[in-house]
Amino acid sequence: MKPTDVPSIQHSARQVAIQVVANILLQQGSLSTQLARHQHDVASEHIPLLKELCFGVCRQYPLLNSIALHLLNHPFEEKDMDLYAALLIGLYQLGYMNTPDHAAVNETVEACRILNKDWATKLINAVLRRYQREADDIIEELEAMPSVEYNQPKWLVKRFKKHWPEQFEQIIEASNAHPPMCIRVNESQVSRETYKAQMAEEGIDSENGQLSPTALYLRSAVRVNELPEFDEGFSSVQDESAQLAAHILAPEVGEHVLDACAAPGGKTGHLLEFAAAKQDQEETLDLTAVELEPWRLEKIEANLERIGLMANLQCADAGDLDTWWDGAQFDKILLDVPCSATGVIRRNPDIKINRKPADIDELVTIQKTILAQVWTTLKPGGHLLYATCSLMPEENEQQVAAFLTSHDDAKEVPLNALNPVLNLASGVSVSHGQQLFPTIKGNDGFYYCLIQKNIV
């Protein structure tokens with residue numbers, strides 16, 4: 001039975017994890033998309049295990065894949081990618097979880113039967129039991145491979161070394177780590193220090209972020225419903241680097257603002273919160289958020305409802321102006337373009353599986369088109385903040401350099417031009433803009449460049 005044939009009823013976490021991982025291996029969607037689609041197929045109490053299996057396999061894929069290929073005489077065919085997913089999950093349990101070895105092996109063998117592929121039971125059993133016996137020797141033999149040594153695809157290792165030799169070790173270490181839980185305090189509702197104290201009363205310890213004045217890092221992750229007044233919009237989960245967008249753009253009430261490529265919507269909400277925190281009149285921020293995927297737009301709508309703020313939501317391609325733009329130019333634009341997400345691998349570890357070198361060139365073309373089109377919607381004198389969660393110069397400073405060369409009406413301005421008190425000492429100032437790198441217990445990798453349209 002193919003992974004996509006599993007009916008949407010309550011299954012074990014392992015069955016659904018096999019389905020999710022197989023679909024990722026078959027390039028049928030990202031980990032976040034697959035989990036959003038399938039996590040309701042398991043009982044709520046089993047969702048943490050489902051996520052552990054799926055995130056774990058993706059995070060350790062370079063090593064697990066190398067081990068599996070070393071142990072198999074022949075790779076599995078595409079039609080048996082569900083079996084390969086089951087094998088990777090079994091190897092992950094043996095190497096990284098507290099599951100007893102015999103249980104990990106037996107459960108994986110049983111999964112073959114559930115998939116109606118009894119012929120594979122002996123093969124899977126033999127492979128896993130051999131790994132039990134020879135794990136140390138196998139890993140020692142494979143560690144000479146760059147993809148295994150650094151737990152990243154070989155092509156990414158080469159690019160990181162080429163572009164960021166001084167930051168290489170930091171990038172690798174942070175990209176392989178579990179990300180910290182960072183929240184954004186809604187300062188239109190409560191100050192950061194007051195909210196920090198409220199969390200402390202609930203036994204939730206936190207530390208102030210050093211880049212964003214609205215960021216708090218939790219020393220231990222908690223469920224969002226444990227955060228004080230989360231349902232009332234007092235806080236949101238958002239990485240500190242991503243929080244900088246609103247602080248750099250500094251929207252003010254009465255301004256006409258665009259959040260292009262808005263999903264997952266964290267920055268949309270923050271832009272509104274930022275303006276609302278300074279509001280001393282009835283006027284509000286006039287914000288339009290554009291997102292291509294309907295299901296992502298629904299998530300943005302739900303988040304805005306939770307924080308009690310409103311935006312004009314448009315389901316469209318931001319680069320296709322005829323489908324959404326009414327001709328009224330914007331004062332400020334946040335353009336967080338689709339990118340390789342190489343700065344947030346730890347949050348999206350499936351990048352280790354499905355991101356390919358050719359993707360960078362395709363994304364650069366998409367970014368160039370969107371940037372050129374959205375630029376026409378900006379007022380003379382207005383500001384556009386170009387942003388990515390990428391570490392690739394082609395998508396960042398080189399993209400901006402090409403744009404500035406081809407647009408006489410554009411000029412780069414300092415990132416704190418609209419918010420002089422903002423501290424942006426982190427990361428590296430590149431030829432255009434600022435490159436932030438992922439840190440173990442801190443921010444994700446991100447890129448920002450602020451561009452102003454000349455008044456002719």
Side-chain angles (χ1 to χ4, degrees), residues 1 3 11-26 31 46 48-154 156-157 172-173 175-178 346 349-350 352-353:
M1 164 165 70
H11 292 294
S12 73
R14 172 182 286 276
Q15 284 176 265
V16 178
I18 290 171
Q19 180 179 3
V20 169
V21 172
N23 286 346
I24 292 170
L25 293 171
L26 291 168
L31 176 56
H46 295 155
L49 175 58
L50 169 66
K51 290 184 176 180
E52 166 67 14
L53 293 173
C54 295
F55 272 90
V57 168
C58 292
R59 188 170 280 118
Q60 305 300 334
Y61 178 76
L63 174 59
L64 297 177
N65 183 54
S66 296
I67 292 171
L69 294 178
H70 179 85
L71 293 170
L72 292 167
N73 291 328
H74 305 284
F76 282 111
E77 297 179 13
E78 185 174 302
K79 64 183 178 66
D80 294 320
M81 203 54 66
D82 48 2
L83 287 176
Y84 195 54
L87 175 58
L88 293 176
I89 290 171
L91 289 169
Y92 177 73
Q93 285 188 288
L94 287 174
Y96 297 93
M97 294 183 68
N98 292 326
T99 311
D101 286 1
H102 70 275
V105 174
N106 292 341
E107 289 171 7
T108 307
V109 170
E110 181 59 27
C112 299
R113 298 190 177 95
I114 295 173
L115 293 168
N116 292 328
K117 296 183 177 180
D118 292 37
W119 59 267
T121 55
K122 291 183 179 180
L123 171 63
I124 295 295
N125 183 69
V127 167
L128 291 179
R129 293 200 179 281
R130 181 185 168 194
Y131 179 67
Q132 280 183 275
R133 297 190 304 269
E134 304 174 20
D136 292 341
D137 292 338
I138 291 171
I139 292 174
E140 183 179 356
E141 183 176 342
L142 296 174
E143 278 180 337
M145 300 167 59
S147 59
V148 173
E149 180 183 1
Y150 298 111
N151 199 26
Q152 299 283 340
K154 182 180 178 180
L156 258 183
V157 171
I172 293 297
E173 187 178 11
S175 296
N176 286 328
H178 285 262
R346 61 187 182 182
D350 53 305
K352 296 183 180 184
I353 299 176

Report the C-alpha distance between I18 and I114 in whole Å, list the side-chain angles of each, state the deciding distance to 0.1 Å, and finish with yes or no for side-chain contact (heavy atoms from CB on, under 4.5 Å).
CA-CA 11 Å; I18 290 171; I114 295 173; over 6 Å; no
Of the non-hydrogen atoms in H46 and A13, which two are nearest, and what is the gap between them?
O-CB, 3.9 Å
L83 to A120 - nearest heavy-atom pair and separation
CD1-CB, 3.6 Å
d(E143 CD, L63 CG) to nearest 0.5 Å is 8.0 Å
Can you name the closest pair of heavy atoms from V21 and A85 and give their distance?
CG1-CB, 3.7 Å
Show the nearest heavy-atom pair for residues A104 and L94, with the distance to one decimal.
CB-CD2, 3.9 Å
According to ring-ring contact (aromatic ring centres under 6.0 Å, His included), does anything in residues 91-113 pair up with another residue at least two apart or in another chain? List the pairs.
Y92-Y96
Kindly write out the residues that satisfy side chain to side chain contact (heavy atoms under 4.5 Å, CB included) with A68, not counting sequence neighbours, or none if the list is empty.
Y84, L87, L88, L91
Side chain to side chain, N125 and T121, heavy atoms closer than 4.5 Å
no
Minimum heavy-atom distance between C54 and L31, given as atom pair plus value
CB-CD1, 3.8 Å
Which residue pairs satisfy the salt bridge (charged side-chain N to carboxylate O under 4.0 Å, His left out) criterion with at least one member in residues 88-108, sequence neighbours excluded?
R14-E107
First locate atom OG1 of T99, then atom CD1 of I89, and finally report the distance between them rounded to the nearest 0.5 Å.
11.5 Å
Please report the interatomic distance CD(E52) to CZ(R59), rounded to the nearest 0.5 Å.
8.0 Å
Working to the nearest 0.5 Å, report the span between CG of L53 and NZ of K51.
13.0 Å
Please check: side-chain N/O of K352 versus main-chain N/O of P153, any donor-acceptor pairing under 3.5 Å?
no
Is any side-chain heavy atom of I172 closer than 4.5 Å to one of E149?
no
Tell me, do R130 and H70 make a side-chain contact under 4.5 Å, heavy atoms counted?
yes
Using a distance-only test with no angle check, is there a side-chain donor-acceptor pair under 3.5 angstrom linking N151 and Q60?
yes
Write down the atom of P62, the atom of V148, and the distance for their closest heavy-atom approach.
O-CG2, 4.1 Å
Quick check: are there more than 12 heavy atoms from other residues, nucleotides or ligands sitting under 6.0 Å from CG of D118?
yes
Using 0.5 Å steps for rounding, measure from the CG atom of D80 to the CG atom of L115.
9.5 Å
Given side chains that start at C-beta, do those of V105 and Y131 come closer than 4.5 Å, heavy atoms only?
no
Atom SG in C112, atom CG in D82: separation rounded to 0.5 Å?
9.0 Å
